[in-house]
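Below you'll find the structure, written out as structure tokens, and then a few comments.
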Amino acid sequence: MWRDYFIPDSLDRALALLAAHQDKARVIAGGTDLIVEFDRKLRPPCALIDISRLPNLDAIRLDADGWIHLGPLVTHNDVVASALCVSRALPLAQACRQVGAPQIRNRGTVAGNLITASPANDTITALMALDAQVTLRSLRGERSMALANFYTDVRRTVMQPDEMLTDIAFRALQPNQRGVFLKLGLRQAQAIAVVNCAVVLTLSDDGRMDDARIALGAVAPTIIRAPEAERWLVGRMPDEEALRSAAELAAQAARPIDDIRSSAEYRRDAVAVLVRRALSTALAAAPGAGWPEPPALLRLAQRDAGDVPIRAGGRPISTIHTTVNGRAYSIGHAEAREKTLLRLLREDCGLVGVKEGCSEGECGACTVILDGRAVMACLTPAPCAHGATIFTIEGVNALQAAPGDELHPLQRAFIEAGAVQCGYCTPGFIMSGAALLCENPHPSDAQIKESISGNLCRCTGYYKIIEAFQRARNAYERSSANA
């Protein structure tokens, strides 16, 4: 999949490596798209420059001028967990919550999503409506541009081989502004958009619309705005006629194609429906409204870089040192160049409880906990284990086992509820559930369902699986009451 794997100790070192390798290297942070491209032979082997351990690049901050800044390591779940984003950038928080599943959101970064440049990406649409800009940096200097000018065609951007995206910035929504993101997919989770849209409206004191921004995804070679619809709304009262006309104008701006997910005709009709719904939803909501109960993030703790041995002088790593289920392993990088974390755990650590179901982050059978976060091992390169602490199904009882019990409470509940059929998906469900119960011992039914939205059971055993989760939750509640 790659030739050399670098873990630089500074941003300057990472930029120097990019300058040296140019188009023969790729920066990797989450890697959830990149690993699939390698696996499908869509990208030739290259050097990987892993920036995921660099400090201070995962910050979400509000500056003195009212701009929100996202660092290049901010993950989708970092946005979902950010009170600032939920209250002052709701469309982006809503979009991030609909990307993939919790395990993917724990690794996939917003910056990586922008660079992938798919016209169906969710966060691009939200950031377009927020009038975002991006900053690119190299050893040659730094340049900033509007996000709209970042894209040139399908999966094409203006980035040069030696550049790295270092900042995403947009103005925080004000009290007189309303925003919302909506998505139409073929299922409720793990869905690529058939159509998505984001709107941001600025209201005057008399209730008229002073400004309107409407962004559309999956209807053109790049994410687009609907300028005629935006101009139509400015200065008007938000009555039914104004919203209907704006939605029709937005549909005229779309240039969709027929593909496996939808026909062009359906997409165009869907744009009108979705934009009208988004405008109505945004106008009806108070600032920051439209956010359900706290999400299931599947995070035990904040990201911890650990004590990673960094190679001086920008040399690639030669040995992967990791701790899995409390045991130390050392694995030569030469053996891991063609491997994901999933294969490393199975083949080099002998931990066959980690299952391979899809190899593209769709089924969740390979869920493990990496540095306190549930992730899909099939989408994680093997060297990400370097310096990390990992738990698999074989060691899950160490997380919250009852005194004297060799089983995790959720394992016990699966037995009691008869929640296992063929059993292939079970390790992934239990790892997701173990992360959820560490994060929140008393989850609601909605949070339980969200926690396993990235796990598939092909035997259709979901009712019993959810019952097992409820049993484990009830056991925690009884334990707390007795204490």
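One finds the NE2 atom of His76 at 10.0 Å from the CD1 atom of Ile104 (value rounded to the nearest 0.5 Å). Note: Cys85 SG to Leu90 CG = 10.0 Å, rounded to the nearest 0.5 Å. Remark: Leu341 CG to Arg346 CZ distance equals 12.5 Å, nearest 0.5 Å. The distance from the OG1 atom of Thr319 to the CD1 atom of Ile331 is 9.5 Å, given to the nearest 0.5 Å. To the nearest 0.5 Å, the span separating OG1 on Thr166 from CG on Leu73 amounts to 11.0 Å. Of the inter-residue distances, the one linking Leu351 atom CG with Thr392 atom OG1 reads 4.5 Å to the nearest 0.5 angstrom.
Looking only at atom types and distance, the side chain of His408 has no donor-acceptor partner in the side chain of Asn397 under 3.5 Å away. Between the side chains of Gln160 and Ser138, not a single donor N or O lies within less than 3.5 Å of an accepting N or O. For the 3.5 Å distance criterion, the side chains of Ser10 and Asp12 fail to qualify, holding no donor opposite an acceptor. No side-chain N or O of Asn106 forms a donor-acceptor pair with one of Thr75 less than 3.5 Å apart. Between the side chains of Ser444 and Glu293, at least one donor N or O lies within less than 3.5 Å of an accepting N or O. Residues Asp39 and Ser359 bring no donor and acceptor atom of their side chains to less than 3.5 Å of each other. Side chain to side chain, Ser263 and Asp258 fail the donor-acceptor criterion of an N or O pair below 3.5 Å. Thr367 and Gln103 form a side-chain donor-acceptor contact under 3.5 Å, judged by distance and modelled atom types alone.
Taking the six-membered ring where tryptophan is involved, the planes of His333 and Tyr5 are tilted, since the angle between them lies from 30° to 60°.
In this structure the side chain of Pro102 never reaches within 4.5 angstrom of the side chain of Ser451, judged on heavy atoms. Using a 4.5 Å heavy-atom cutoff, the side chains of Glu450 and Pro443 are not in contact. A heavy-atom distance below 4.5 Å is found between the side chains of Thr340 and Met1. Between Arg137 and Glu163 there is no side-chain heavy-atom pair separated by less than 4.5 Å. Considering only heavy atoms from C-beta on, Trp67 stays 4.5 Å or farther from Leu62 through its side chain. Annotation: side chain of Asp162 is in contact with side chain of Gln22 (closest heavy-atom distance under 4.5 Å). Between Phe150 and Val158 there is a side-chain heavy-atom pair separated by less than 4.5 Å. Here the side chains of Leu184 and Asn196 are not in contact, with every heavy-atom distance at 4.5 Å or above.
The aromatic ring centroids of Phe6 and His21 lie less than 6.0 Å from each other.
The closest donor-acceptor contact from the side chain of Tyr424 to the backbone of Glu356 lies under 3.5 Å. A donor-acceptor pair under 3.5 Å is absent between the side-chain atoms of Ser144 and the main chain of Thr135, judged by distance alone. Side-chain N or O atoms of Arg105 include one that pairs as donor or acceptor with a backbone N or O of Arg97 at under 3.5 Å.
Applying the salt bridge (charged side-chain N to carboxylate O under 4.0 Å, His left out) test to every pair with at least one member in residues 114-123, sequence neighbours left out, gives these pairs: Asp122-Lys183.
The environment of Glu228 atom CD is sparse: at most 12 non-hydrogen atoms of other residues, nucleotides or ligands sit within 6.0 angstrom. Residue Arg337 qualifies as enclosed at atom CZ: its count of foreign heavy atoms under 6.0 Å is above 12. In Arg156, the CZ atom is not crowded: 12 or fewer heavy atoms of neighbouring residues, nucleotides or ligands sit closer than 6.0 Å.
Classification of Arg299 and Glu439 as a salt-bridged pair fails, no side-chain N sitting under 4.0 Å from a carboxylate O. One finds a salt bridge joining Glu362 and Arg187 here, because a Lys/Arg side-chain nitrogen approaches an Asp/Glu carboxylate oxygen to under 4.0 Å. Note on Arg373 versus Asp371: no salt bridge recorded, every NZ/NE/NH1/NH2 to OD/OE distance being 4.0 Å or above.
Here the closest heavy-atom approach between residue Gln177 and residue Thr202 is recorded as NE2-OG1, 3.0 Å. Shown here for Arg155 and Thr116, the closest heavy-atom pair between the two residues is NH1-CG2, 3.0 Å. Heavy-atom minimum distance, Glu360 versus Cys378: N-SG, 3.7 Å.
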Task: Check against salt bridge (charged side-chain N to carboxylate O under 4.0 Å, His left out), Glu230 and Arg225 - done: CA-CA 9 Å; Glu230 294 172 347; Arg225 293 271 290 269; 2.6 Å; yes
Task: Test log, rule salt bridge (charged side-chain N to carboxylate O under 4.0 Å, His left out), inputs Asp167 and Arg61 - done: CA-CA 11 Å; Asp167 185 55; Arg61 63 182 179 87; 5.2 Å; no
Open item on the list: Could you walk me through whether Met145 and Leu136 satisfy the side-chain contact (heavy atoms from CB on, under 4.5 Å) test, starting with their C-alpha distance in whole Å, then the side-chain angles of each, then the deciding distance to 0.1 Å, before giving a yes or no?
Closed with: CA-CA 9 Å; Met145 67 193 69; Leu136 307 179; 3.8 Å; yes
- [ ] Apply side-chain contact (heavy atoms from CB on, under 4.5 Å) to Leu18 and Met164, showing your working.
- [x] CA-CA 8 Å; Leu18 268 180; Met164 177 177 153; 4.1 Å; yes
- [ ] Before giving the answer on side-chain contact (heavy atoms from CB on, under 4.5 Å), spell out for Cys384 and Asp50 the whole-Å C-alpha distance, their side-chain angles and the decisive distance to 0.1 Å.
- [x] CA-CA 8 Å; Cys384 285; Asp50 187 340; 3.9 Å; yes
Open item on the list: What verdict does the side-chain contact (heavy atoms from CB on, under 4.5 Å) test give for Leu216 and Val195, after you've listed the backbone C-alpha separation in whole Å, the side-chain angles of each residue and the deciding distance to 0.1 Å?
Closed with: CA-CA 7 Å; Leu216 305 173; Val195 174; 5.7 Å; no
TODO: Check the pair Asp58, Arg53 against salt bridge (charged side-chain N to carboxylate O under 4.0 Å, His left out), reporting the backbone distance first and the verdict last.
DONE: CA-CA 10 Å; Asp58 60 350; Arg53 304 300 181 116; over 6 Å; no
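Residues satisfying the salt bridge (charged side-chain N to carboxylate O under 4.0 Å, His left out) criterion with Lys339, sequence neighbours excluded, are Glu347, Asp348.
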